[in-house]
Amino acid sequence: VESKPRIVDEMEELAKQMEAEKMQKLQQVQSNSYLGDLKTDNSSTVEKMTSGVGGSWAEDVKSKNEIYRPANGGWGYFPRPKDISKAYGGGRKIGADVETTYEDELRKQKAIEETREKLKRYREKVGIEVQSEKDHADEIEEALAIGQRAMQRGVYGAAVSALEKVTKWCSTNSKVGGQVFLELAMAYEAVGRTSEAIQVYTALSTSRMEDIKFNAKRLLLGIEAMQFMREEAKIEAFSRKKVSQTFIDTTGLGNIAENFDVRYNTAYIDLDRKSGYYRKLTESVVRSIREARQILLAATDSSEVERTKVIQALRSIDRSFSNSLEEEIKRKEPKPEPIAIMNGVPIVSAEEERKSTTLGLDSFNLGDISQIMENIEGAWKLQLIADNKGDGVNFFNKTLAWQNFDIGGMRYKASGPYGFLSLSQSGTFNIDQEQRIITRSEVEKDGSASFFLDVYSSSLTGPIAAVNLQQQIISVDSELLVTRKVLPKEKLRDTLKGYFSVWRRAQGPFLEQMS
């Protein structure tokens with residue numbers, strides 16, 4: 001048998017000596033009468049073994065002498081009391097023996113109540129606790145349920161509508177409010193309203209709720225990464241066109257016509273460069289407002305500019321005017337009360353965020369009424385009258401037809417031929433601030449054609465029609481005045497004779513002829 005190491009023998013010998021000494025001390029204690037009395041009366045006064053604020057305690061000799069030696073050397077090989085806490089005074093409540101009065105307790109309770117009140121005011125101030133959320137808890141819970149179900153089923157617009165209605169009662173710093181805004185931001189992102197989603201995510205990234213703040217930052221980072229890949233890195237896989245094409249390929253919408261028995265080729269354009277149609281189409285294209293103005297300035301005679309190009313220039317100005325006028329009317333319309341409110345501030349849509357930019361040379365300047373009044377002041381000579389389609393253009397470079405506007409008295413004078421007859425007239429005028437429509441009143445007529453003006457007022461043509469029929473100013477500057485007839489929209493589908501009128505600022509010899 002293998003012998004034990006020498007160190008183990010020494011430790012066992014030392015442990016035996018300690019046990020012997022311990023037993024000897026125990027016998028001496030048992031022979032002491034004081035310790036005998038301490039054993040029989042546990043409620044007797046304990047001798048103070050310590051001093052100061054630590055209190056008073058004495059050894060529990062009985063517990064201390066109930067010793068044992070662990071069998072596992074890993075816990076220490078030497079003997080120790082079975083209950084160390086009991087033997088050495090542990091587990092007792094010790095203090096400084098300070099007695100408190102009733103007034104002290106009242107002060108303590110008052111301090112606790114004041115602290116609670118301060119905490120409550122703070123939580124209400126930062127939006128952790130919101131009374132409106134408690135008052136409308138049922139509506140908020142219902143909106144969250146509807147929003148979550150709608151998101152699961154892909155009806156993202158319904159989720160936005162349901163959640164926006166309860167935002168006015170919620171705070172981004174509360175648990176319930178943070179959840180509402182987080183769901184709303186994800187719904188905004190799903191319907192493509194990225195700008196609003198970024199606003200909400202940004203606000204939630206400073207929320208007092210850690211889980212809401214963490215998720216908002218993560219989702220905001222995802223949007224920013226997508227925008228970087230699409231706009232900065234220009235990676236094709238992240239482009240909107242690529243995503244749309246992938247959707248079309250996946251759903252089979254690209255080949256939807258193959259599901260029908262009869263298919264028709266509805267249009268054909270001969271784009272052969274040698275064909276007359278291709279040449280006519282490309283040569284008549286007007287690419288900007290600046291180019292359209294240059295064409296009209298040069299169109300003093302049929303030999304200067306082709307008629308088709310003149311009409312294309314007028315149509316280009318007409319489209320730009322209609323679009324700009326529609327946008328201006330929308331901007332001036334009373335704004336509806338915003339539905340989505342975040343911390344008392346409306347969530348601004350991307351369309352409302354767009355700021356007006358400085359107009360360039362190729363931009364259409366609609367101008368306000370004061371600018372129009374300033375530009376229209378003075379005498380104008382009729383340059384041409386054109387149809388709304390085709391190539392119908394009549395030039396008046398050899399005909400004396402004019403009108404003069406006096407802004408100070410809001411009066412006008414006009415003169416022009418009507419076939420072999422002539423007509424002169426004067427009166428007052430007004431320009432509608434919104435639609436830019438010229439209306440004339442108190443008209444006094446003179447000339448051989450005045451009779452026809454009264455009889456055939458609804459079917460006038462030529463220069464007389466350009467003055468007496470209601471005209472809308474679509475463009476006016478220091479050189480050109482362009483107007484169009486005021487007609488119902490349904491009539492604009494047809495070819496309209498004399499739809500556009502172009503007037504040129506009167507100068508030099510022409511002013512002498514007018515006088």
Side-chain angles (χ1 to χ4, degrees), residues 116-227 230 238 240 243-244 247 250-251 334-353:
R116 286 176 180 171
E117 187 63 28
K118 288 179 181 179
L119 284 173
K120 182 180 178 182
R121 289 199 300 269
Y122 170 76
R123 292 169 70 86
E124 289 176 352
K125 180 180 179 181
V126 299
I128 297 176
E129 289 184 2
V130 184
Q131 186 61 39
S132 58
E133 288 183 0
K134 299 176 182 177
D135 296 339
H136 301 88
D138 294 338
E139 293 96 322
I140 295 172
E141 184 179 355
E142 183 181 1
L144 273 172
I146 293 172
Q148 289 170 353
R149 287 198 300 270
M151 289 291 288
Q152 291 171 358
R153 295 169 183 171
V155 192
Y156 307 122
V160 170
S161 179
L163 293 169
E164 279 185 336
K165 294 176 182 177
V166 298
T167 53
K168 57 187 175 182
W169 300 317
C170 300
S171 166
T172 55
N173 288 323
S174 67
K175 186 175 182 179
V176 175
Q179 186 64 35
V180 168
F181 283 109
L182 189 64
E183 294 283 348
L184 178 60
M186 290 189 289
Y188 277 150
E189 188 177 357
V191 297
R193 295 166 64 177
T194 309
S195 175
E196 290 98 314
I198 290 175
Q199 290 180 63
V200 180
Y201 284 143
T202 303
L204 292 176
S205 63
T206 58
S207 174
R208 304 288 176 139
M209 300 294 110
E210 289 298 325
D211 55 338
I212 299 294
K213 179 166 68 174
F214 173 78
N215 289 327
K217 285 183 177 180
R218 185 180 62 178
L219 293 167
L220 180 60
L221 182 61
I223 291 182
E224 291 174 346
M226 181 68 73
Q227 288 181 337
R230 180 183 297 147
F238 290 88
R240 294 186 183 275
V243 173
S244 301
F247 175 77
T250 304
T251 57
K335 299 292 187 297
E337 184 179 350
I339 298 176
I341 305 292
M342 182 169 60
N343 297 335
V345 180
I347 300 175
V348 183
S349 65
E351 185 176 346
E352 294 173 350
E353 272 187 334

To the nearest 0.5 angstrom, please state how far the [atom1] atom of [X] sits from the [atom2] atom of [Y].
X	Y	atom1	atom2	value
Ile140	Asp135	CD1	CG	9.0 Å
Arg218	Lys213	CZ	NZ	15.0 Å
Thr172	Arg208	OG1	CZ	9.5 Å
Ser207	Asn215	OG	CG	10.5 Å
Met186	Leu182	CE	CG	4.5 Å
Thr206	Ile212	OG1	CD1	12.0 Å

Flag, side chain of Thr167 to backbone of Met342, donor-acceptor distance under 3.5 Å: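 No: the side chain of Thr167 does not pair with the backbone of Met342.
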
Donor-acceptor pair, Ser161 side chain versus Ala158 backbone, under 3.5 Å?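 A pair under 3.5 Å: no.
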
Looking only at non-hydrogen atoms, find the nearest pair between [X] and [Y] and report the distance.
X	Y	result
Ile341	Pro346	CD1-CA, 4.0 Å
Val126	Asn173	O-ND2, 2.6 Å
Trp169	Val130	O-CG1, 3.9 Å
Ala216	Leu204	CB-CB, 3.5 Å
Ser174	Glu133	OG-OE2, 2.6 Å
Cys170	Gly177	CB-CA, 3.7 Å

Taking the side chain as C-beta and beyond, is there a heavy-atom pair between Ile223 and Gln227 under 4.5 Å?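 Yes, close enough: below the 4.5 Å cut-off.
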
Are the side chains of Gln179 and Glu183 in contact, using a 4.5 Å heavy-atom criterion?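 Contact flag for Glu183/Gln179 side chains = yes.
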
Checking Lys120 against Glu117 for the salt bridge (Lys or Arg N to Asp or Glu O under 4.0 Å) test, could you report, in this order, the C-alpha distance in whole Å, the side-chain angles of both residues, the deciding distance, and whether it holds? CA-CA 5 Å; Lys120 182 180 178 182; Glu117 187 63 28; 5.3 Å; no

Working for side chain to side chain contact (heavy atoms under 4.5 Å, CB included), residues Arg193 and Val160: CA-CA 10 Å; Arg193 295 166 64 177; Val160 170; 3.7 Å; yes

If the test is side-chain contact (heavy atoms from CB on, under 4.5 Å), which one of Lys118, Lys125, Arg123 qualifies with Arg121?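 Result for side-chain contact (heavy atoms from CB on, under 4.5 Å) with Arg121: Lys118.
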
Glu141 atom CD, neighbour heavy-atom count above 12 within 6.0 Å: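 Atom CD in Glu141 is not packed in, count stays at 12 or less.
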
Would you indicate whether Glu139, at its atom CD, is surrounded by more than 12 heavy atoms from other residues, nucleotides or ligands within a distance under 6.0 Å?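 Yes, enclosed.
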
Between Glu189 and Tyr201, is a side chain to side chain donor-acceptor pair (under 3.5 Å) present by the stated rule, with each step listed? CA-CA 10 Å; Glu189 188 177 357; Tyr201 284 143; 3.1 Å; yes

Examine the side chains of Gln152 and Gln148 and answer whether a donor and an acceptor come within less than 3.5 Å of each other.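 No, because no side-chain N or O of Gln152 sits under 3.5 Å from a partner of the opposite role on Gln148.
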
